[in-house]
Amino acid sequence: IYYLAGESRAQVEFSPLLESYKSKQQDVLLLLDPIDEFSLPYLQDYKGKKLKGIDRIDSTKSDSDAEILEATKSRFAGFVEHLKAKLGVVSDVKLTSRLKESPVVLVSESGGFSASQERFLKKIGKAQEGMESKRVLEINPEHSLVIKLRDLHEEKADSPKLQEGIETLYDLALLAEGSKVQDLGSFMKRVQEAVLKGL
């Protein structure tokens with residue numbers, strides 16, 4: 001039984017994490033009460049079926065490396081390493097096949113707190129110093145934005161546009177998981193510039 005927790009129905013319903021499940025018409029239990037996510041690990045299974053959060057790195061076999069062609073992995077290897085070096089706020093960067101429409105998503109390590117659990121603990125004043133876990137950034141190698149950034153990396157790895165694109169990509173992943181963007185002013189400026197160029 002797959003589940004996804006969040007603070008509001010709108011947030012979880014439009015999560016990039018649901019894309020592969022929607023495409024296969026698989027049900028996912030949506031949890032909107034913060035305490036649900038803390039109590040489910042104690043339950044472990046229901047009627048013999050294991051409970052699995054889909055916001056974890058090992059939540060489904062469909063996003064395994066085996067699903068991604070070796071040619072794709074080698075084409076993106078340099079860009080993935082560049083992302084790891086530039087984004088010190090994530091524990092790892094991986095290609096994924098779980099995304100169908102979104103460019104990126106943040107997932108938790110299998111034993112770590114999820115983003116919604118961390119936000120809840122902060123809200124009730126129970127968050128401890130340094131408890132925030134770094135998440136894994138999963139990128140969709142078939143998304144046009146990711147492909148354009150990879151191409152720009154191959155052309156000019158030290159381009160300021162590439163760095164801006166990487167920062168925007170990460171900020172989009174933060175917003176999708178319901179977290180706050182770290183530098184809102186910079187994000188707004190980048191989005192405004194992108195909209196102006198697109199008009």
**Request:** Report whether L196 and M188 are members of the same hydrophobic cluster (ILVMFWY, side-chain heavy atoms less than 4.5 Å apart, transitive linking).
**Result:**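 Looking at the clustering, M188 is in a separate group from L196.
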**Prompt:** Y46 and Y3: same hydrophobic cluster, using ILVMFWY side-chain contacts below 4.5 Å?
**Reply:** yes
Quick check for you: to the nearest 0.5 Å, what is the distance between [X] atom [atom1] and [Y] atom [atom2]?
X	Y	atom1	atom2	result
Y2	D55	OH	CG	13.5 Å
K148	L162	NZ	CG	13.5 Å
I139	T96	CD1	OG1	9.5 Å
Q192	K197	CD	NZ	12.5 Å
Y21	L4	OH	CG	9.5 Å

**Request:** Please say which of L17, V146, N140 ends up in a side-chain contact (heavy atoms from CB on, under 4.5 Å) with L99.
**Result:**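 Per the side-chain contact (heavy atoms from CB on, under 4.5 Å) rule, the option paired with L99 is N140, out of L17, V146, N140.
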On a heavy-atom basis, which atom in [X] and which in [Y] lie closest, and how many Å separate them?
X	Y	value
I147	P141	CG1-O, 3.5 Å
I166	H82	CD1-CD2, 3.5 Å
A173	L137	CB-CD1, 3.9 Å
F79	L149	CZ-CB, 3.7 Å
V28	I54	CG1-CD1, 4.1 Å

**Asked** Listed by chain and number, what are the side-chain contact (heavy atoms from CB on, under 4.5 Å) partners of K84, not counting sequence neighbours?
**Response** V80, E81, D92, V93
**Message:** A quick test of your reading: do over 12 heavy atoms of other residues, nucleotides or ligands sit less than 6.0 Å from CG of D45?
**Reply:**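 More than 12 heavy atoms, drawn from other residues, nucleotides or ligands, come within 6.0 Å of this atom.
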**Prompt:** Within a reach of under 6.0 Å around NZ of K22, are more than 12 heavy atoms found that belong to other residues, nucleotides or ligands?
**Reply:**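 Yes - once you tally the heavy atoms of other residues, nucleotides and ligands closer than 6.0 Å, there are more than 12.
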Could you tell me which residues satisfy salt bridge (Lys or Arg N to Asp or Glu O under 4.0 Å) with [X], sequence neighbours excluded, listed by chain and number?
X	value
E142	none
E193	none
K86	none

**Prompt:** Residues two or more places apart in sequence or in another chain: which of them pass side chain to side chain donor-acceptor pair (under 3.5 Å) with S91?
**Reply:**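 Partners of S91 by the side chain to side chain donor-acceptor pair (under 3.5 Å) criterion, ordered by chain and then number, come out as E109.
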**Request:** Evaluate the side chain to side chain contact (heavy atoms under 4.5 Å, CB included) criterion for residues K94 and V136: first the C-alpha distance (whole Å), next the side-chain angles of each, then the deciding distance (0.1 Å), finally the verdict.
**Result:** CA-CA 7 Å; K94 294 178 179 264; V136 175; 4.1 Å; yes
Check whether [X] reaches the backbone of [Y] with its side chain - one donor and one acceptor, N or O, closer than 3.5 Å.
X	Y	answer
E138	V107	no
R98	V105	no
S15	V12	no

**Request:** Applying side chain to side chain contact (heavy atoms under 4.5 Å, CB included), run through L30 and L18 and close with a yes or a no.
**Result:** CA-CA 10 Å; L30 305 181; L18 289 174; 4.3 Å; yes
**Request:** Scan residues 160-186 for pairs that pass side chain to side chain donor-acceptor pair (under 3.5 Å), counting only residues two or more places apart or in two chains.
**Result:**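 Side chain to side chain donor-acceptor pair (under 3.5 Å) check on residues 160-186 returns R119-S179, R135-E177, Q163-E167, T168-R190, D171-R190, E177-S179, S186-R190.
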